[in-house]
Amino acid sequence: KLIFDILLDFTKKEMKKLGFKIVNIECNLSIKPFIYSEHVVKHTISMMHNNYITSRKMEKIIEKCIEDGAKGCILSIKGRINGREMSRKEYVKIGTIKRNTYQNDISFYQSNFFGKSGCVGVKAWVNRGIIK
């Protein structure tokens with residue numbers, strides 16, 4: 001057994017002695033994190049910390065979303081991207097996203113990246129399919 005299992009068994013015995021009821025809790029880790037827009041945005045920001053972001057890198061991130069089971073994805077970056085003098089907007093879309101209906105399960109997340117040249121906004125929409 002793992003050390004964690006041994007400690008868990010020990011704490012269960014101690015809790016039974018004190019009169020507590022034992023409740024089983026199961027945690028399932030997501031094997032496909034790119035179907036959540038928060039993970040997409042945070043991954044994009046970490047890439048911006050390490051290196052310059054390009055539209056090709058943005059397309060690769062969105063392709064990972066589609067591989068993980070998303071029906072469509074939009075990734076938008078706005079501001080002084082890569083330290084350019086003029087602010088601009090990069091926008092990559094793959095798949096289908098209908099933002100004007102309640103039928104689809106769409107995950108949205110927005111965050112800012114504070115770099116040397118200023119603040120850059122990052123937004124992501126991930127369509128996870130029809131709500132059942």
Side-chain angles (χ1 to χ4, degrees):
K1 283 188 171 182
L2 295 171
I3 295 172
F4 180 73
D5 291 336
I6 294 169
L7 290 173
L8 191 62
D9 290 338
F10 178 73
T11 54
K12 281 183 182 179
K13 290 176 186 174
E14 292 295 320
M15 289 180 77
K16 282 183 182 178
K17 286 180 186 176
L18 295 173
F20 289 103
K21 292 184 179 180
I22 304 299
V23 178
N24 291 329
I25 298 173
E26 292 184 17
C27 296
N28 294 329
L29 298 176
S30 176
I31 299 171
K32 300 177 179 181
F34 279 93
I35 60 170
Y36 301 102
S37 59
E38 181 177 358
H39 184 77
V40 173
V41 169
K42 289 184 178 181
H43 182 71
T44 306
I45 288 174
S46 69
M47 289 182 72
M48 292 172 80
H49 275 291
N50 298 335
N51 214 343
Y52 289 129
I53 191 80
T54 60
S55 59
R56 179 68 189 134
K57 288 181 184 177
M58 289 170 61
E59 286 176 8
K60 285 198 172 217
I61 293 170
I62 292 180
E63 286 171 4
K64 285 182 187 177
C65 294
I66 302 298
E67 287 173 10
D68 282 357
K71 306 292 182 213
C73 185
I74 297 175
L75 184 60
S76 172
I77 300 177
K78 190 174 182 180
R80 292 183 60 189
I81 304 168
N82 300 336
R84 300 278 171 96
E85 193 170 320
M86 292 293 289
S87 153
R88 62 174 198 227
K89 182 177 181 183
E90 292 279 333
Y91 183 86
V92 178
K93 176 183 175 185
I94 295 178
T96 59
I97 289 194
K98 296 178 182 176
R99 290 182 277 179
N100 56 351
T101 64
Y102 292 114
Q103 187 176 7
N104 295 330
D105 182 18
I106 295 177
S107 172
F108 170 76
Y109 193 78
Q110 172 184 0
S111 185
N112 295 324
F113 165 70
F114 298 97
K116 295 176 186 174
S117 60
C119 180
V120 177
V122 181
K123 294 180 184 178
W125 292 265
V126 178
N127 181 5
R128 294 184 278 192
I130 297 174
I131 298 173
K132 295 178 182 177

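Because the structure is a prediction, the values reported are computed rather than measured.
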> Tell me if a side-chain donor or acceptor on N127 pairs with a main-chain N or O of T96 at a distance below 3.5 Å.
yes

> Quick check: is I94 connected to I106 through a chain of hydrophobic side chains (ILVMFWY, heavy atoms under 4.5 Å apart)?
no

> Side-chain heavy atoms nearer than 4.5 Å, only ILVMFWY residues, links allowed to pass through others: does that put I77 and F34 together?
yes

> With rounding to the nearest 0.5 Å, note down the distance linking CD in E85 to OG in S117.
11.0 Å

> Given the rule that I, L, V, M, F, W and Y join up when any side-chain heavy atoms are under 4.5 Å apart, are M48 and Y91 in one cluster?
no

> Starting from the C-alpha separation in whole Å, work towards a yes-or-no answer on side-chain contact (heavy atoms from CB on, under 4.5 Å) for S111 and K42.
CA-CA 8 Å; S111 185; K42 289 184 178 181; over 6 Å; no

> Go through it in stages, so that I can follow the logic: the residues are K60 and K64, the test is side-chain contact (heavy atoms from CB on, under 4.5 Å), and I'd like the CA-CA distance, side-chain angles, deciding distance and then a yes or no.
CA-CA 6 Å; K60 285 198 172 217; K64 285 182 187 177; 5.7 Å; no

> Any donor-acceptor pair under 3.5 Å linking the side chain of S37 with the backbone of V126?
no

> Kindly assign one of parallel, tilted or perpendicular to the pair W125 and F108, based on the angle between their ring planes and the thresholds 30° and 60°.
tilted

> Does the pair K32/D68 count as a salt bridge with the N-to-O cut at 4.0 Å?
no

> Give, for atom NZ of K93 and atom CD1 of I62, the distance between the pair rounded to the nearest 0.5 Å.
10.5 Å

> For K123, I'd like to know if atom NZ has over 12 heavy atoms of other residues, nucleotides or ligands within 6.0 Å.
no

> For a quick test of reading the model, state the closest non-hydrogen atom pair linking E59 to V92 and the distance between them.
CG-CG1, 3.7 Å

> So which heavy atom on L75 is nearest to which on M58, and how close?
O-CE, 3.6 Å

> When clusters are formed by joining ILVMFWY residues with side-chain heavy atoms under 4.5 Å apart, either directly or through shared neighbours, do V40 and I81 land in the same one?
yes

> Over all heavy atoms of both residues, which pair between R128 and S107 is shortest? Give the atoms and the distance, please.
NH2-CB, 3.6 Å

> Give, for atom CG of N104 and atom CD1 of I131, the distance between the pair rounded to the nearest 0.5 Å.
7.5 Å

> Examine distances only and state if a side-chain atom of N51 and a backbone atom of M47 form a donor-acceptor pair shorter than 3.5 Å.
no

> Is the ring centre of H49 less than 6.0 Å from the ring centre of F113?
yes

> To the nearest 0.5 Å, what is the distance between NZ (K57) and OG1 (T44)?
11.0 Å

> Report whether I66 and V41 are members of the same hydrophobic cluster (ILVMFWY, side-chain heavy atoms less than 4.5 Å apart, transitive linking).
yes

> Work out which heavy atom in N112 is nearest to a heavy atom in G121; give both atom names and the distance.
OD1-CA, 3.7 Å

> Any donor-acceptor pair under 3.5 Å linking the side chain of R80 with the backbone of G118?
no

